[in-house]
Amino acid sequence: MKKLIVITGASSGIGREIAKRFSQNNHPVLLLSRRLDRMEELDLENSMCKSVDVTDLEKMKEAIREAEEKYGKVDCLINCAGIMLLGHPEEQSFKEWNDMIDVNIKGILTGTNIVLKDMVKRNEGTVVNISSIAGRKTFDNHAVYCGTKFAVHAISENIRKEVASSNVRVITIAPGVVETPLLSHTTDENIKENYNEWKKTIESGLEPEKIASCIEFAYNQPQDVCIREIVIAKTKQED
Ligand code: NDP
């Protein structure tokens, strides 16, 4: 059997496509998110689905340990869970800022904290963090979302350097707009409307399958090749 891949945010959008792709490639997969039914309905071979909030270290630990008992050590952790709550800084609630910081930043740290030490000890393993183009440049109404994604870039690059000598890879994926329900959680209707209008100028975002292909490509390089970062967007996306 191939090695175990853990995917957070596997109930929707990009994470769901990644889970399908790695399962098609005969990897056992651990699917994590809060909506169990959405993951179970995929009915993937050699899969385990657990309803876990990515900010909950103990629950994450439990799920990963259970999967490792069944399928062996985690070879790749793909941190895909995230939320994008766009808002004007004067209008947006503190709760929305707090939620983005919790899920987008702490949510990549829980899994990393659980698997990294063991990967270093084994001299193998890969962590893939889904950041965003919003982790490289700022956009209106994106202040805290951009802040969380800049943090993902910084944390990923710093950890990459510090585990490199142990042959462990840390890969950052920075997509532009992708067609998923990500925007739907933004509460400001005006911002959502303007975003959707702008999206028409690029003739819709990328299909999530394209992001899954990038991750598949980066992961399938030999362990001594680390594709540190992939930035991918629709050609017509100028910013
Ligand atoms: P979706 O909304 O389709 O998926 C988000 C996923 O995150 C869902 O599976 C959701 O599952 C999970 N999630 C959210 N909060 C939590 C939580 N507290 N605990 C566990 N899981 C959680 O969006 P995308 O697929 O687009 O987003 C995936 C990643 O890609 C995000 O990090 C996003 O920032 C990034 N990205 C997306 C872009 C886009 O345009 N779509 C562009 C650039 C980056 P559930 O609700 O069941 O818990």
Side-chain angles (χ1 to χ4, degrees), residues 1-83 101-131 148 151-152 155-156 158-160 162-163 166-173 212 215-216 218-220 223 226:
M1 196 188 290
K2 286 192 177 175
K3 291 176 179 169
L4 174 62
I5 314 287
V6 177
I7 304 124
T8 74
S11 62
S12 174
I14 299 171
R16 195 174 161 90
E17 287 309 316
I18 297 168
K20 282 160 55 181
R21 183 67 60 94
F22 277 88
S23 178
Q24 280 158 10
N25 292 346
N26 299 315
H27 283 278
V29 285
L30 170 63
L31 279 57
L32 302 173
S33 76
R34 292 164 303 177
R35 287 171 293 169
L36 189 61
D37 53 332
R38 295 268 303 153
M39 297 183 289
E40 284 182 342
E41 76 190 12
L42 286 171
D43 197 22
L44 300 176
E45 222 172 292
N46 288 322
S47 69
M48 191 180 277
C49 305
K50 294 283 175 189
S51 173
V52 168
D53 188 312
V54 284
T55 64
D56 186 338
L57 182 67
E58 290 312 312
K59 270 274 193 78
M60 286 280 284
K61 233 182 239 174
E62 241 173 71
I64 289 174
R65 291 298 164 242
E66 199 180 323
E68 285 190 323
E69 271 168 32
K70 190 161 179 196
Y71 299 119
K73 293 287 183 188
V74 176
D75 191 49
C76 182
L77 165 69
I78 305 174
N79 285 311
C80 190
I83 50 173
I101 289 169
D102 274 351
V103 179
N104 298 359
I105 305 178
K106 291 187 199 162
I108 68 159
L109 294 175
T110 47
T112 305
N113 187 266
I114 296 161
V115 302
L116 192 66
K117 202 171 179 178
D118 206 42
M119 286 179 174
V120 166
K121 215 162 73 191
R122 300 194 323 263
N123 291 299
E124 63 176 14
T126 304
V127 176
V128 179
N129 290 326
I130 314 299
S131 184
T148 64
V152 173
I155 292 164
S156 304
N158 213 132
I159 295 179
R160 185 202 59 73
E162 289 180 300
V163 298
S166 303
N167 209 32
V168 173
R169 305 182 295 189
V170 179
I171 297 170
T172 308
I173 309 288
I215 296 168
E216 180 185 34
Y219 173 75
N220 284 331
Q223 186 71 32
C226 180

Which distance, rounded to the nearest 0.5 Å, do you find between the [atom1] of [X] and the [atom2] of [Y]?
{"X": "Asn113", "Y": "Leu77", "atom1": "CG", "atom2": "CG", "value": "11.0 Å"}
{"X": "Leu36", "Y": "Cys49", "atom1": "CG", "atom2": "SG", "value": "6.5 Å"}
{"X": "Asp37", "Y": "Leu42", "atom1": "CG", "atom2": "CG", "value": "10.5 Å"}
{"X": "Thr126", "Y": "Asn167", "atom1": "OG1", "atom2": "CG", "value": "9.0 Å"}
{"X": "Thr172", "Y": "Arg160", "atom1": "OG1", "atom2": "CZ", "value": "9.0 Å"}
{"X": "Leu31", "Y": "Ile18", "atom1": "CG", "atom2": "CD1", "value": "10.5 Å"}

Decide if atom CD of Glu45 counts as having more than 12 heavy atoms of other residues, nucleotides or ligands within a radius under 6.0 Å.
->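 It does not: Glu45 CD has 12 such atoms or fewer within range.
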NZ/Lys117: more than 12 non-hydrogen atoms of other groups inside 6.0 Å |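 Counting other residues, nucleotides and ligands, NZ of Lys117 stays at 12 neighbours or fewer.
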Not counting sequence neighbours, which residues clear ring-ring contact (aromatic ring centres under 6.0 Å, His included) with Tyr71? List them please.
->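 Result, ring-ring contact (aromatic ring centres under 6.0 Å, His included) vs Tyr71: none returned.
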Could you pull out the closest heavy-atom pair between [X] and [Y], with the gap in Å?
{"X": "Gly72", "Y": "Leu4", "result": "O-CD2, 3.4 Å"}
{"X": "Val170", "Y": "Cys226", "result": "O-SG, 3.7 Å"}
{"X": "Ile130", "Y": "Val152", "result": "O-CG1, 4.3 Å"}
{"X": "Ile159", "Y": "Thr112", "result": "CD1-CG2, 4.1 Å"}
{"X": "Arg122", "Y": "Val74", "result": "NH2-O, 2.9 Å"}
{"X": "Ile105", "Y": "Ala151", "result": "CD1-CB, 3.7 Å"}

4.5 Å side-chain heavy-atom contact, [X] and [Y]:
{"X": "Tyr219", "Y": "Ile171", "result": "no"}
{"X": "Val54", "Y": "Leu32", "result": "no"}
{"X": "Leu57", "Y": "Leu109", "result": "no"}
{"X": "Asn79", "Y": "Val127", "result": "yes"}

For Asp102, enumerate each residue passing the salt bridge (Lys or Arg N to Asp or Glu O under 4.0 Å) test, keeping only those at least two apart in sequence or located in another chain.
->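 For Asp102, the residues satisfying salt bridge (Lys or Arg N to Asp or Glu O under 4.0 Å) (neighbours in sequence not counted) are Lys106.
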Return each pair, listed once, that meets ring-ring contact (aromatic ring centres under 6.0 Å, His included) where at least one residue sits in residues 29-70; pairs must be two or more places apart or across chains.
->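 Output for this query is empty, none listed.
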Could you tell me whether the side chains of Asn129 and Ser131 share a donor-acceptor contact shorter than 3.5 Å?
->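 No, Ser131 and Asn129 have no side-chain donor paired with an acceptor closer than 3.5 Å.
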Can you give the donor-acceptor pairs under 3.5 Å from side chains of residues 22-29 to other protein atoms, not counting sequence neighbours?
| from | atom 1 | to | atom 2 | distance (Å) |
| --- | --- | --- | --- | --- |
| Asn25 | ND2 | Glu216 | OE2 | 2.7 |
| His27 | ND1 | Lys3 | O | 2.7 |

Which pairs would a plain distance check flag for residues 59-66, meaning a side-chain donor or acceptor within less than 3.5 Å of a matching protein atom at least two apart in sequence or in another chain?
| from | atom 1 | to | atom 2 | distance (Å) |
| --- | --- | --- | --- | --- |
| Arg65 | NH1 | Glu68 | OE1 | 2.6 |
| Glu66 | OE1 | Lys50 | NZ | 3.1 |
| Glu66 | OE2 | Lys50 | NZ | 3.2 |

Do any N or O atoms from the side chain of [X] and from the backbone of [Y] form a donor-acceptor pair under 3.5 angstrom?
{"X": "Ser51", "Y": "Arg34", "value": "yes"}
{"X": "Glu124", "Y": "Gln223", "value": "no"}
{"X": "Arg16", "Y": "Arg38", "value": "yes"}

Mind running side-chain contact (heavy atoms from CB on, under 4.5 Å) on Ile83 and Asn104 for me, showing each step along the way?
-> CA-CA 7 Å; Ile83 50 173; Asn104 298 359; 3.8 Å; yes
Enumerate donor-acceptor pairs with a distance under 3.5 Å from any side-chain N or O in residues 6-15 to protein atoms, sequence neighbours excluded.
| from | atom 1 | to | atom 2 | distance (Å) |
| --- | --- | --- | --- | --- |
| Thr8 | OG1 | Cys80 | N | 2.8 |
| Thr8 | OG1 | Ala81 | N | 3.0 |
| Ser11 | OG | Ser33 | OG | 3.2 |
| Ser11 | OG | Arg35 | NH2 | 3.4 |

